[in-house]
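Below is one structure, written out as structure tokens; comments come after it.
Below, each value reflects all heavy atoms present in this structure, side chains not excepted, and no hydrogens, waters or symmetry copies. These figures come from a predicted structure and were not determined experimentally. Numbered from 1 within each chain, the chains take letters A, B, ... in sequence-line order.
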Amino acid sequence: MTPQELADRLARILADIISEHGRGSDRDAGGPDVTSADTAVERPKNREHGDWASNAAMKFAKRVGANPRELAQRIAERIEAVDGVARAEVAGPGFINITLDAASAGETARRVVEQGDAYGRGDSLVGQRINLEFVSANPTGPLHLGHTRWAALGDSISRVLRAAGADVVNEYYINDAGSQMNKFGRSVLAAALGEDAPEDAYPGEYIQQLGRRVREQLPELPELAAADRDRALDLAQEAAYQRQLAEIKDSLERFNVHFDVYFSERTLHAAEADGTSPIEAAIGRLREQGHVYEEDGAIWVRTTDFGDDKDRVFTRGNGVFTYFAADAAYYLSKKDRGFGEKIYLLGADHHGYIGRLTAIAGAAGDDVEADITVLIGQLVNLNGARLSKRAGNIVELDDLLEWLGSDALRYWLARYPADSPLSLDGEKLRSRTNDNPVFTVQYAHARTRAVDRNAAAAGVDRSAFDPSLLTHETETELLGRLQEYPGIVAGAAELREPHRIARYLEELAGAFHRWYDNCRVIPQGGAAVEDLHRTRLWLNDAVGQVIRNGLDLLGVSAPERL
RNA sequence: GCCUCCGUAGCUCAGUGGAUAGAGCAACGGCCUUCUAAUCCGUUGGUCGCAGGUUCGAAUCCUGCCGGGGGCACCA
């Protein structure tokens with residue numbers, strides 16, 4: 001009996017009661033059907049409140065026109081008759097507290113082991129084709145801490161959405177057109193030629209390194225620069241860009257972050273077969289829809305029709321397209337490529353973009369509620385010190401990986417809600433105690449593996465499974481946690497909040513450690529191996545499996561030993 | 001000024017309208033003859049920023065204040 005099955009049974013029972021009681025009037029009037037979402041059970045904090053609790057009677061009492069406790073009592077009588085339910089009691093203002101048979105709860109251990117990697121995966125988002133854009137850092141320098149949170153979070157969101165059945169494409173938008181690229185090119189060329197840096201050059205040692213690389217790659221650069229400076233600039237800029245982009249991709253792979261598509265902004269500016277660029281085509285399409293006008297010699301889009309606080313401009317006075325024009329064309333590209341929901345993961349410093357991005361979705365004829373989601377995340381602090389270019393304390397992703405390792409960094413960055421401020425505490429992340437949550441969880445996994453190895457050596461195997469033997473309170477607790485997992489994954493996907501996975505794993509790890517301290521898998525002092533030990537081995541392995549599955553959703557490894 | 005996020009234990013933070021608001025750390029006190037004591041157990045610790053409102057019920061939803069972060073370009 002899983003919580004989901006319990007919720008299904010409750011929903012059916014409640015629907016029956018409503019139709020008997022209300023003589024179907026609710027349904028005839030188009031009243032709401034009862035779904036398992038209405039009767040979802042939760043794990044009570046207090047053990048005396050049973051294994052699972054439902055507040056459905058309180059929710060529906062008014063609609064049924066009954067007293068909550070009376071309704072709860074009628075539901076309780078019927079759910080108690082269900083196979084696998086030991087007790088159902090009404091408590092407080094109308095809670096239904098349900099206790100399962102030990103055998104029914106214990107079945108979970110076998111189910112988890114048998115389903116393996118698939119345990120926790122669901123189908124709540126099947127059929128959804130989602131574009132998830134994140135990081136999208138300019139290819140004019142290395143990734144730094146400012147990008148790192150979105151890399152970890154975005155990749156984990158993607159994994160969670162996929163676990164719920166969605167078809168997700170991770171996308172990185174490369175701003176490889178425009179003045180920043182030119183500035184980058186001039187900086188690198190000067191470095192390559194050993195010249196003084198230009199007035200507005202990019203700072204940083206990496207520019208010098210790129211300059212040396214470019215010089216090696218293009219030995220003819222000095223001669224060329226003397227003869228045709230613009231040509232030399234083009235070549236140097238292009239070489240530096242390709243090199244920097246490759247390094248970004250490399251860093252991301254080492255961070256276990258995978259993108260399916262790297263989308264170049266240039267392709268939006270370049271003319272296609274019909275002679276027009278995607279940006280021009282996009283403006284044309286929006287013009288046909290009546291959303292574009294000209295004023296003061298510039299082309300404008302009436303984003304205020306879709307809730308933006310001011311209209312936006314597509315061309316600057318000199319006729320060059322704005323960054324926003326490319327954004328609009330890019331949005332249409334995503335739409336044309338068949339994506340339903342387009343998710344943008346942006347830092348809080350970009351929150352002013354929500355209005356205009358949403359407006360473009362509206363102007364494109366999309367549903368601004370369902371087809372576009374802009375997730376705004378708070379910025380990261382390092383040991384309490386705000387990150388800023390001016391203060392010169394930018395930390396590169398590569399440095400962080402070397403210092404802390406990918407696992408600790410990814411886990412820490414994914415364990416907080418995106419809209420919560422987060423600071424990176426290097427000392428804590430390097431510690432090997434409960435102080436460090438990633439360690440706690442990984443250690444619990446390693447411990448399940450150690451038990452498994454020791455069990456094999458002691459002759460305890462999984463040849464028997466009798467779930468009715470799993471009656472210790474720490475076992476009931478642990479089984480409850482295992483049963484919760486699929487619901488946690490579904491919730492994390494629905495809310496785009498992978499931190500729920502991390503928090504869950506920490507609780508699971510705690511429940512496992514408590515169980516380990518109370519219940520032996522391997523008989524003590526050479527005593528005989530009994531079915532209880534064999535059954536507990538299933539439970540041990542089930543916990544290891546769920547920790548592996550959960551850590552995988554966070555892009556974190558589950559070591560066999562620490 | 002407008003928009004937005006945040007304010008919960010000494011610290012860092014969870015908490016999808018439900019029961020006595022939780023975790024880790026810190027502080028104090030316990031358990032090693034061990035399937036690794038890197039774990040575990042106990043105690044201490046709260047005006048959920050403030051004030052109203054909504055309802056059977058509010059840390060959670062609404063309004064207004066207070067305090068803090070971020071944003072309000074024909075920049076990229």
Worksheet item: Ring centres of A:Trp150 and A:Phe134 under 6.0 Å apart?
Response: no
Discussion item. So, using side chain to side chain contact (heavy atoms under 4.5 Å, CB included) as the criterion, who are the partners of A:Thr267 when residues are at least two apart?
Written reply: A:Phe263, A:Ser264
Item to complete: Measure from the side-chain heavy atoms of A:Asp349 and tell me the nearest of B:rG71, B:rU12, B:rA19.
Response: B:rG71
Worksheet item: Checking all strands, does A:Asn182 fall into the base, sugar-phosphate, or nothing category for heavy-atom contacts under 4.0 angstrom?
Response: nothing
Worksheet item: Any chance the side chains of A:Gln378 and A:Ser420 put a donor and an acceptor closer than 3.5 Å?
Response: no
Item to complete: List in chain and number order the residues that pass salt bridge (charged side-chain N to carboxylate O under 4.0 Å, His left out) with A:Asp327, two or more places apart in sequence or in another chain; answer none if no residue qualifies.
Response: none
Discussion item. So that I know where these two stand, are A:Tyr330 and A:Tyr173 an aromatic pair - ring centroids less than 6.0 Å apart?
Written reply: yes
Worksheet item: A:Met181 near the nucleic acid: base, sugar-phosphate alone, or nothing, with a heavy-atom cut-off under 4.0 Å?
Response: nothing
Discussion item. Within the 4.0 Å heavy-atom criterion, would you say A:Ile354 contacts the bases, only the backbone, or no part of the nucleic acid?
Written reply: nothing
Fill in: Nucleotide-resolved protein contact map, nucleotides 2-8 of chain B, B/S/- at heavy-atom distance under 4.0 Å
-BSSS--
Worksheet item: Does NZ or CZ of A:Arg447 fall inside the cone over A:Tyr516's six-membered ring, less than 6.0 Å from its centre and within 45° of the axis?
Response: yes
Item to complete: Would you mind classifying the nucleic acid contact of A:Gly92 as base, sugar-phosphate or nothing, using non-hydrogen atoms under 4.0 angstrom?
Response: nothing
Fill in: Strand contacts (RNA chain B) in residues 429-438 of chain A, 4.0 angstrom heavy-atom criterion
A:Arg432, A:Thr433, A:Asn434, A:Asp435
Worksheet item: At under 4.0 Å, does any side-chain N or O of A:Lys45 touch on OP1 or OP2 of B:rG22?
Response: no
Worksheet item: Who are the side chain to side chain contact (heavy atoms under 4.5 Å, CB included) partners of A:Gln180, not counting sequence neighbours?
Response: A:Asn138, A:Lys183, A:Tyr202
Worksheet, complete the sentence: With both pairing distances under 3.5 angstrom for Watson-Crick or G-U wobble, and | for a partner in another strand, the correct string for RNA chain B is (((((((..((((....[...)))).((((.........)))).....(((((..]....))))))))))))....
Discussion item. Within the 4.0 Å heavy-atom criterion, would you say A:Ala177 contacts the bases, only the backbone, or no part of the nucleic acid?
Written reply: sugar-phosphate
Item to complete: Determine the contact category for A:Phe314: base if any of its heavy atoms lies under 4.0 Å from a base atom, sugar-phosphate if only primed atoms, P, OP1 or OP2 are that close, otherwise nothing.
Response: nothing
Worksheet entry | Nucleic acid contacts - residues 493-500 of chain A versus RNA chain B, non-hydrogen atoms under 4.0 Å | A:Leu495, A:His499, A:Arg500
Discussion item. What contact category does A:Asn540 fall into here, base, sugar-phosphate, or nothing, at under 4.0 angstrom with non-hydrogen atoms?
Written reply: nothing
Worksheet item: Just checking, A:Arg503 and A:Tyr416: is the charged tip under 6.0 Å from the six-membered ring centre and within 45° of the axis?
Response: yes
Contacts table for residues 476-494 of chain A: side-chain donor-acceptor under 3.5 angstrom, sequence neighbours left out:
residue, atom, partner, partner atom, Å
A:Thr476, OG1, A:His472, O, 3.2
A:Glu477, OE2, A:Arg481, NE, 3.4
A:Arg481, NH1, A:Glu484, OE1, 3.0
A:Arg481, NH1, A:Glu507, OE1, 2.8
A:Gln483, OE1, A:Trp52, NE1, 3.3
A:Gln483, NE2, A:Ala105, O, 3.3
A:Gln483, NE2, A:Thr108, OG1, 2.9
A:Tyr485, OH, A:Gly550, N, 3.4

Fill in: Residues forming a side chain to side chain donor-acceptor pair (under 3.5 Å) with A:Asp541, sequence neighbours excluded
A:Arg462
Item to complete: Mind checking A:Ala450 for me? I need base, sugar-phosphate or nothing, with any heavy atom below 4.0 Å counting as a touch.
Response: base
Item to complete: Mind running a 4.0 Å heavy-atom check of residues 299-310 of chain A against RNA chain B and sending the residues that fall below it, in number order?
Response: A:Trp300, A:Lys310
Worksheet item: Which part of the nucleic acid, if any, lies within reach of A:Pro68 when heavy atoms closer than 4.0 Å are counted: base, sugar-phosphate only, or nothing?
Response: nothing
Worksheet item: How would you list, by chain and number, every residue that makes a salt bridge (charged side-chain N to carboxylate O under 4.0 Å, His left out) with A:Asp296, sequence neighbours excluded?
Response: none
Item to complete: Could you say whether the aromatic ring of A:Phe95 and the base of B:rG18 stack, counting only centre distances under 5.5 Å and plane angles under 30°?
Response: no
Item to complete: Using a 4.0 Å heavy-atom cut-off across all strands, classify A:Asp517 as base, sugar-phosphate, or nothing.
Response: base
Fill in: A:Ala298 side-chain proximity, nearest of B:rC40, B:rG71, B:rC74
B:rC74
Item to complete: Mind checking A:Tyr516 for me? I need base, sugar-phosphate or nothing, with any heavy atom below 4.0 Å counting as a touch.
Response: base
Fill in: Check ion pair A:Glu280-A:Arg287 (N to O, under 4.0 angstrom)
no
Worksheet entry | Closest to the A:Asn46 side chain, choosing from B:rU20, B:rA19, B:rU39 | B:rU20
Worksheet item: Among B:rA14, B:rU12, B:rA38, which nucleotide sits nearest the side chain of A:Tyr443?
Response: B:rA38
Worksheet item: Under the rule syn = chi within 90° of 0, otherwise anti, which is B:rC32?
Response: syn
Discussion item. Enumerate the salt bridge (charged side-chain N to carboxylate O under 4.0 Å, His left out) contacts for residues 412-424 of chain A, please, sequence neighbours excluded, ordered by first and then second residue.
Written reply: A:Arg415-A:Glu506
Worksheet item: What is the distance from atom CD of A:Glu473 to atom CZ of A:Arg514, rounded to the nearest 0.5 Å?
Response: 10.0 Å
Discussion item. Using a 4.0 Å heavy-atom cut-off, does A:Ala91 contact any base of the nucleic acid, only the sugar-phosphate backbone, or nothing at all?
Written reply: base
